[in-house]
Amino acid sequence: MGVWHRIRQSRVYRSIFRVPLPRTTREKVLMIFNTFVLHVHPAGLPRYAVRLRYTWCMGGLAFFLFLVEIVTGVALMFYYRPVPEYAYADILDLRHSVYFGIMRELHRWAGHAMVVVVMLHMLRVFLTGSYRPPREFNWVIGVSLLILTLLLSFTGYLLPWDQLAYWATTVGTNMVAAAPFVGHQGPGSELLTLHGEPLITRSSDLRYFLLGSDEIGPTALNRFYIWHCIALPLAMAFLCGLHFWRVRKDGGISGPL
C-alpha cells in the first residue's frame, strides 16, 4: 500500500474530500453537488458553451483579472499609506525601491484590461441575446458589475496623489456635482426640499459624500482608499458569486441565436 493511498484513506483526508476522484458521469455530478467551490458551476456544459468563437472567454478573463487585482492590491496595501504626506512618495518607492515593485504595474495594467474585458463581455452577451428571459435579472447584475468596475478604476485613480490624479478626480467629481437630483448644481436638486429647506446642497450632495469635504484633500484620499480597497471589492465579490450562481440556475450559458 503506497503512501498516497494511505493518505487518501485516512480520516482527515476523507473528512475534507468526501467524494473520490470522479470516474463516471454520476461521480462527476456528485463532486459538483458536494464541493463548495464547484457548486456554482453546472454539472454539464453544452458543446457551444466552450467554443472560444462564441463565448470569447471574456467572462472568465474578467474574473481572472479581478483575482489579479485582489492579490496585487493586498500586496500594495503593505507599502502604501493613504495620507498626502506619504502617498506620492510611496508610489515612487513601489516603482523603484520595494522588492516586487512590479506588483504596482501589474495592478495598474490589470485594472485597465479589466475595464476593456468587462465591456467586451457585455458586448458578447448583447450580441448573442443572452440578456433575454429568463436571464434579464442576471443582465442587471452584469450591468451593476460593469458600474462597479468603472468605480474601482475611478477611485484608484486618486491614490497616486500626483497632478494627473488630482485634476482627473477634480473633473470627475465636478461632473457628479452636476448630476440630476444628487448634485447641488444639477437639474432637479432644487425640487428636493424639507420644510422649505433644500436637501441637496454643496455640503450634502453626492460629491460631498464622495470627497468628505468641499475639496480634494486628506479626507478625500482616505475615502477613496476605503472605497477602492474595501467597500467596492466586497460588493463586487458578492455580485460575482451571485452572477455565477444565476448563470447556473438559468440553465447555463445561453445558446447561439
Side-chain angles (χ1 to χ4, degrees), residues 56-74 76-77 80 82 87 91 103-127 130-131 135-183 185-186 205-212 216 219-244 246-247:
W56 299 353
C57 201
M58 288 296 127
L61 284 176
F63 183 67
F64 170 75
L65 290 172
F66 177 63
L67 295 180
V68 172
E69 290 290 271
I70 293 295
V71 173
T72 56
V74 170
L76 294 176
M77 290 174 69
Y80 177 81
I91 292 297
M103 286 291 181
R104 194 261 172 176
E105 301 304 322
L106 287 175
H107 190 78
R108 175 190 176 191
W109 287 107
H112 294 332
M114 185 176 171
V115 173
V116 176
V117 168
V118 171
M119 288 183 175
L120 289 175
H121 178 58
M122 298 291 291
L123 177 63
R124 196 281 302 173
V125 171
F126 177 78
L127 293 178
S130 300
Y131 58 88
R135 308 172 190 276
E136 61 271 28
F137 177 67
N138 213 17
W139 170 260
V140 174
I141 297 175
V143 173
S144 301
L145 286 170
L146 173 62
I147 295 174
L148 288 178
T149 301
L150 297 176
L151 288 175
L152 279 168
S153 182
F154 177 68
T155 53
Y157 212 83
L158 181 63
L159 302 187
W161 201 247
D162 54 8
Q163 288 293 312
L164 178 62
Y166 180 89
W167 291 111
T169 305
T170 299
V171 173
T173 52
N174 285 343
M175 292 172 63
V176 172
F181 296 103
V182 295
Q185 297 176 349
D205 64 350
L206 184 58
R207 179 180 183 273
Y208 191 92
F209 173 75
L210 291 175
L211 298 179
I216 298 177
T219 304
L221 180 60
N222 185 63
R223 285 203 177 192
F224 271 52
Y225 180 76
I226 295 173
W227 278 110
H228 186 74
C229 298
I230 301 177
L232 293 176
L234 287 177
M236 196 160 194
F238 171 76
L239 288 182
C240 281
L242 184 60
H243 190 63
F244 299 151
R246 288 299 306 187
V247 169

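Positions are given from 1 along the sequence. As the structure is a computational prediction, the values presented were derived from the model and not from experiment. The figures that follow rest on heavy atoms only: side chains count, while hydrogens, waters and symmetry mates do not.
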Qualifying residues under salt bridge (Lys or Arg N to Asp or Glu O under 4.0 Å), relative to Arg108, sequence neighbours excluded |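 Testing Arg108 for salt bridge (Lys or Arg N to Asp or Glu O under 4.0 Å), a comparison that skips the adjacent residues, returns Glu105.
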If a pair satisfies side chain to side chain donor-acceptor pair (under 3.5 Å) and one of its residues is in residues 228-241, list it, with sequence neighbours excluded.
->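 Applying side chain to side chain donor-acceptor pair (under 3.5 Å) to every pair that reaches into residues 228-241, excluding sequence neighbours, yields Thr155-His228.
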So which heavy atom on Trp56 is nearest to which on Leu120, and how close?
->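 Closest approach of Trp56 to Leu120: CZ3-O, 3.6 Å.
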Could you tell me which non-hydrogen atom of Arg223 sits nearest to which non-hydrogen atom of Tyr208, and how far apart they are?
->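 Minimum heavy-atom contact is NH1-O, 4.0 Å.
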Using the test side chain to side chain contact (heavy atoms under 4.5 Å, CB included), find all partners of Ile147 that sit at least two apart in sequence or belong to another chain.
->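 Residues passing side chain to side chain contact (heavy atoms under 4.5 Å, CB included) with Ile147: Val143, Leu151.
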Those residues that, when tested against Tyr80, pass side chain to side chain contact (heavy atoms under 4.5 Å, CB included) (two or more places apart) =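 Tyr80 satisfies side chain to side chain contact (heavy atoms under 4.5 Å, CB included) with Pro82, Ala87, Asp90, Ile91, Leu159, Leu221, Tyr225 only.
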Establish, yes or no, whether a centroid distance under 6.0 Å links the rings of Phe224 and Tyr157.
->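 Here the rings of Tyr157 and Phe224 have centres that are no less than 6.0 Å from each other.
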Working to the nearest 0.5 Å, report the span between [atom1] of [X] and [atom2] of [Y].
X      : Y      : atom1 : atom2 : answer
Leu211 : Asn222 : CG    : CG    : 12.5 Å
Leu65  : Met58  : CG    : CE    : 9.5 Å
Leu106 : Arg104 : CG    : CZ    : 11.5 Å
Leu152 : Phe66  : CG    : CZ    : 7.0 Å

How about Val247 and Asn138: do any of their side-chain heavy atoms sit closer than 4.5 Å?
->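 In contact.
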Name the atoms and distances for all side-chain donor-acceptor pairs under 3.5 Å in residues 171-180, with sequence neighbours left out.
| unit_1 | atom_1 | unit_2 | atom_2 | d |
| --- | --- | --- | --- | --- |
| Thr173 | OG1 | Thr169 | O | 2.8 |
| Thr173 | OG1 | Thr170 | O | 3.2 |
| Asn174 | OD1 | Arg207 | NE | 3.3 |
| Asn174 | ND2 | Thr170 | O | 3.2 |

Measure the acute angle between the ring planes of His112 and Trp109, then classify it against the limits of 30° and 60° as parallel, tilted or perpendicular.
->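 Aromatic pair His112/Trp109 classed perpendicular.
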Once the angle between the rings of Phe126 and Tyr131 is folded into 0 to 90°, is it parallel (under 30°), tilted (30 to 60°) or perpendicular (over 60°)?
->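 Phe126 and Tyr131: parallel rings.
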Residues 232-241 side chain polar contacts: donor-acceptor under 3.5 Å, at least two apart:
none

